[in-house]
Trainee: 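Provided herewith is a single structure, encoded as structure tokens, for subsequent inquiry.
Start at 1 and go down the list; that is how both ligands and their atoms are numbered.
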Amino acid sequence: MKGKTEATNRFTRRDFLKTTAGAGAVALAGVDPEAAAAPARSAGWDREADVVIIGSGATGMPAAIAARQKGASVIVVEANSDVGGHAIICTGNVNLGGGTAQQKQYGVVDSPDLLFSDLTDWSFVQSNGFPTYRYNDREIIRAFADNAALTWDFLVSNGVTFVEQAPTMFDRDRSAARLSRAAPMDFPLIQLGKPVDASLARTSSSGIGLMRPLEASARKLGVEILLRHRMTAIIREQPFSGRVLGIAVSNEGKTLRIRARKGVIIGTGGSTSNVNFRRMFDPRLTEEYCGTAGEPYTTQDASGEIAAMAVGAALWGVMHQISDFSTYTVTRPGYIGCQYGYGALMPTWQPSSPIFDRVRALGLRVTDYQNLIMVNKVGLRFYNEAGGMGAPPPAAGRGAQPTGAPPTTAGRGAPPTSPTEALRHNWRNAANLHYSANEFIDAAMAGVRGEAVNGGGPIWAIFDSEAVTREKWTVAPPSVDMAQGFFFSGATLEELAGRMAANKYQGKPIPAAALQGTVARYNSLVDSGTDEDFGKPKPQYKIQTPPFYAAWATPVPHDTRVGLRINARCEVVDLQGHVIPGLYCGGESAGGFNEHGVARCTAQGRIAGLNAAAQPSA
Ligand SMILES: Cc1cc2nc3c(=O)[nH]c(=O)nc-3n(C[C@H](O)[C@H](O)[C@H](O)COP(=O)(O)OP(=O)(O)OC[C@H]3O[C@@H](n4cnc5c(N)ncnc54)[C@H](O)[C@@H]3O)c2cc1C
């Protein structure tokens with residue numbers, strides 16, 4: 001992990017140092033600024049195409065197809081050794097709507113206007129307090145709503161097969177069921193390393209069923225895909241002015257300059273893997289949150305955003321990225337004892353997968369949080385482990401105490417058991433407010449107060465051998481990642497605490513006395529049958545039978561909800577509000593649209609591809 005963090009930090013630091021040093025725009029963005037220097041039209045180009053697309057995921061691949069179908073020649077550069085980005089390992093739920101053919105087939109009434117209305121309902125307040133759509137940019141949402149059903153048709157016409165079932169409701173689907181599921185068909189699964197079972201085709205969904213058909217269609221149309229080519233800079237005529245001319249990429253130690261006669265499209269997938277970038281929006285998300293969903297297949301390293309900002313681009317809708325308020329930005333891991341424990345992904349990575357050497361462990365699925373306690377980096381319990389994504393406040397009292405003593409302050413009260421019915425565009429929805437989705441980070445931080453830390457630090461699940469038996473866990477590789485310090489055991493709690501210092505994010509050892517005190521206190525709560533400290537419902541099992549275990553259980557960053565400012569045509573806009581000619585963006589690297597997933601990415605990719613292809617050649 002250190003390597004990855006250093007890599008992302010190195011990229012970021014150098015870029016911004018060069019920016020503040022006032023160097024020319026083309027020299028600002030990349031790891032290899034010399035390669036992008038001398039941006040004149042006469043500069044030597046190694047390759048050229050009408051449209052050059054950065055990233056082959058949910059944005060890049062539709063962009064490539066759309067541009068090619070409009071007659072443009074297209075090069076896609078992809079940093080990874082395979083196509084697809086997060087989209088190819090995603091669950092394959094495609095939430096377009098607006099009147100898709102499948103909605104019509106199953107009698108679901110929907111329209112672009114209804115979709116627009118839902119996505120701009122400023123009054124819709126989630127239970128965690130976040131007004132999901134209040135800060136959505138209306139121009140961007142209108143473009144999405146008008147293109148959603150067209151994008152569904154576009155996906156189908158380019159080989160995507162949707163599971164034959166009625167659309168289901170998801171997330172913002174308040175007026176109509178909009179979710180279709182991409183069938184995996186016979187495409188091999190990256191996670192499994194083998195073809196999908198025939199019984200799953202057309203009945204189950206997967207990102208592979210979305211992306212492999214699109215890849216096949218793009219290749220058939222003549223799109224050139226350059227794998228292991230990482231964009232390192234965007235080349236513009238003048239620093240902060242003029243047209244974008246192309247990009248610089250790095251491939252096996254060599255730098256290439258690729259000219260884009262009509263446009264460059266950024267589809268690099270967001271920024272949550274880049275610690276310094278994500279901390280601009282939430283300083284708490286320090287480096288210990290190291291298991292971003294979708295890693296280690298691809299990272300969201302902010303390279304597209306940074307390269308575009310270096311030629312003048314603005315960010316947009318940054319409020320959407322504040323972790324407290326947006327579901328999906330940070331979640332509790334579904335699997336523990338491994339670095340990459342995102343719940344929807346971990347069961348699918350198998351040792352036969354071509355990237356299992358990077359995944360390293362399957363993780364342990366917790367079926368009953370009564371079997372463990374969670375402690376922070378100083379060995380203290382800090383919340384009710386049996387809570388959801390974030391623990392609900394206990395009925396009486398809440399908050400971590402630095403000494404491990406029971407809290408004395410009154411809590412904010414239990415959340416409503418049945419949320420008030422949301423009324424469309426009605427301010428009374430604010431009555432639905434209760435607590436933050438991600439208060440476990442704050443709770444962990446509260447327990448380490450006094451130390452100069454911004455994040456909550458590593459969070460560990462602590463349990464004993466009886467819990468292992470009850471959960472039927474195998475506490476050995478490949479289930480757990482002992483080699484890289486994400487899982488430890490000890491004959492005593494003292495021995496366990498000492499060993500945990502080997503984890504690179506732990507920093508200093510957990511004080512053995514604190515861990516022993518926390519476990520002793522918890523065991524006494526089991527005796528009394530009441531968790532007076534954090535309100536865990538009737539604590540059931542003591543932690544008392546060696547060996548003892550510590551498994552990594554630190555929250556997982558998920559989506560990127562902040563990105564470059566774009567307009568309805570997916571053109572990138574600068575800090576003066578002017579379009580940057582020849583530069584486009586969509587998906588998780590684009591801002592202004594608070595929406596999970598591939599729907600906005602595929603729609604914006606298609607919009608960007610169509611518009612870039614329609615430009616006159618530079
Ligand atoms: C486990 C998981 C499950 C999910 N399930 C769903 C779901 O069911 N439904 C849904 O709607 N959404 C789902 N999502 C979210 C969805 O996958 C993403 O929102 C979507 O893929 C983002 O699309 P994108 O084009 O912005 O980025 P990506 O699809 O990630 O593509 C970005 C691509 O750009 C490449 N790249 C980055 N930087 C560079 C560079 N400098 N040079 C060259 N290439 C670069 C990356 O390697 C990557 O291939 C899921 C995500 C995860 C992680």
Trainee: For ligand 1, which atoms, with element, lie under 4.0 Å from some heavy atom of Thr298?
Mentor: 47 (O), 49 (O)
Trainee: Spell out, as yes or no, whether a donor-acceptor pair under 3.5 Å connects the side chain of Gln103 to the backbone of Gly99.
Mentor: yes
Trainee: Given side-chain contact (heavy atoms from CB on, under 4.5 Å), test Ile336 with Trp552 step by step and report yes or no.
Mentor: CA-CA 5 Å; Ile336 62 173; Trp552 186 256; over 6 Å; no
Trainee: Would you call Lys254 and Glu252 a salt bridge, using N to O less than 4.0 angstrom?
Mentor: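 No, no charged N to carboxylate O under 4.0 Å.
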Trainee: Do any nitrogen or oxygen atoms of Ala87 come within less than 3.5 Å of a nitrogen or oxygen of ligand 1?
Mentor: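 Between Ala87 and ligand 1, an N or O pair is found under 3.5 Å apart.
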Trainee: Say whether Gly586, considering both its backbone and side-chain N or O atoms, lies within less than 3.5 Å of an N or O atom on ligand 1.
Mentor: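 Between Gly586 and ligand 1 (N or O atoms, distance only) the closest approach is not under 3.5 Å.
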Trainee: What is the distance from atom CD of Gln102 to atom CD of Glu164, rounded to the nearest 0.5 Å?
Mentor: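 Between atom CD of Gln102 and atom CD of Glu164 there are 8.5 Å.
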Trainee: Which one of Asn93, Asp301, Thr232 has a non-hydrogen atom at the shortest distance from atom 7 (C) of ligand 1?
Mentor: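 Among Asn93, Asp301, Thr232, the closest heavy atom to atom 7 (C) of ligand 1 belongs to Asn93.
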Trainee: Relative to atom 52 (C) of ligand 1, which among His558, Glu305, Glu595 owns the nearest non-hydrogen atom?
Mentor: His558
Trainee: Considering Cys601, Gly597, Cys90 one by one, which has a heavy atom nearer to atom 12 (N) of ligand 1 than any of the others?
Mentor: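 Nearest heavy atom to atom 12 (N) of ligand 1 lies in Gly597.
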Trainee: Strictly under 4.0 Å, does any heavy atom of Asn95 approach an atom of ligand 1?
Mentor: no
Trainee: Taking the six-membered ring of Phe116 (Phe, Tyr or Trp), confirm whether the NZ or CZ of Arg142 is under 6.0 Å from its centre and within 45° of its axis.
Mentor: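 Relative to the ring axis of Phe116, which defines the angle, Arg142 lies inside both limits.
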Trainee: Would you mind running through ligand 1 and noting each atom that sits below 4.0 Å from a heavy atom of Gly84?
Mentor: 29 (O)
Trainee: Report the part of Ile88 in contact with ligand 1, treating N, CA, C, O as backbone and CB onward as side chain, heavy atoms under 4.0 Å; options are side chain, backbone, both, neither.
Mentor: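 None of Ile88 does.
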Trainee: For atom 29 (O) of ligand 1, tell me which residue out of Cys585, Ala58, Ser206, Ala590 has the closest non-hydrogen atom.
Mentor: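 Heavy atom nearest to atom 29 (O) of ligand 1 belongs to Ala58.
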Trainee: Between Phe593 and Trp316, is the ring centroid distance below 6.0 Å?
Mentor: no
Trainee: Which of the atoms in ligand 1, numbered in the order shown and given with their element, are less than 4.0 Å from a heavy-atom of His596?
Mentor: 6 (C), 10 (C), 12 (N), 13 (C), 14 (N), 15 (C)
Trainee: Should His86 be counted as touching ligand 1, given the test is an N or O pair under 3.5 Å?
Mentor: yes
Trainee: For Ala293, take its heavy atoms, then give the atoms of ligand 1 lying under 4.0 Å from any of them.
Mentor: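 Reading through ligand 1 atom by atom, the close ones are 53 (C).
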Trainee: If you count the atoms of ligand 1 from 1 in the order shown, which ones are under 4.0 Å from a heavy atom of Gly269?
Mentor: 24 (P), 26 (O), 27 (O), 32 (C)
Trainee: List the steps, then state whether ring pair (Phe, Tyr, Trp, His ring centres under 6.0 Å) holds for His558 with Tyr342.
Mentor: CA-CA 9 Å; His558 199 289; Tyr342 179 58; 4.5 Å; yes
Trainee: Quick check on contacts: which atoms of ligand 1 are under 4.0 angstrom from a heavy atom of Val77?
Mentor: 43 (C), 44 (N)
Trainee: Need the ligand 1 atom indices (1-based, order shown) with element for anything under 4.0 Å from a heavy-atom of Gly587.
Mentor: 26 (O)
Trainee: Which option, Gly85, Gly605, Gly304, Gly267, owns the non-hydrogen atom nearest atom 32 (C) of ligand 1?
Mentor: Gly267
Trainee: Counting heavy atoms only, which of Glu588, Glu78, Arg600, Glu295 is nearest atom 19 (O) of ligand 1?
Mentor: Glu588
Trainee: Using a strict cut-off of less than 4.0 Å between a Lys/Arg side-chain nitrogen and an Asp/Glu carboxylate oxygen, indicate whether Asp301 and Arg230 qualify as a salt bridge.
Mentor: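 Judged by the 4.0 Å cut-off on N to carboxylate O distance, Asp301 and Arg230 do form a salt bridge.
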Trainee: So does Arg561 pair up with Glu595, basic N to acidic O under 4.0 Å?
Mentor: no
Trainee: Tell me whether ligand 1 is touched by Ala307 - counting only heavy atoms on the residue side and a distance under 4.0 Å.
Mentor: no
Trainee: Taking Thr91 for the side chain and Ser205 for the main chain, is one N or O donor matched with an acceptor at less than 3.5 Å?
Mentor: no
Trainee: Taking only heavy atoms of Ser303 into account, list the atoms of ligand 1 that are under 4.0 Å away from them.
Mentor: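 Listed by number with element, the hits are 38 (N), 39 (C), 40 (C), 41 (N).
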Trainee: Hydrogens and angles aside, do Arg261 and Ser73 bring a side-chain donor and acceptor to less than 3.5 Å of each other?
Mentor: yes
Trainee: Taking both backbone and side-chain atoms of Asn80, is any N or O found less than 3.5 Å from an N or O belonging to ligand 1?
Mentor: no
Trainee: Give the contacting part of Gln300 toward ligand 1: side chain, backbone, both or neither, where contact means a heavy-atom distance below 4.0 Å.
Mentor: neither
Trainee: Please check if any side-chain donor atom of Asn594 sits under 3.5 Å from a side-chain acceptor atom of Thr132, or the reverse.
Mentor: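 No - no donor-acceptor pair under 3.5 Å links their side chains.
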Trainee: Side chains of Ile266 and Ile234: closer than 4.5 Å at any heavy-atom pair?
Mentor: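 Answer yes - side chains close enough.
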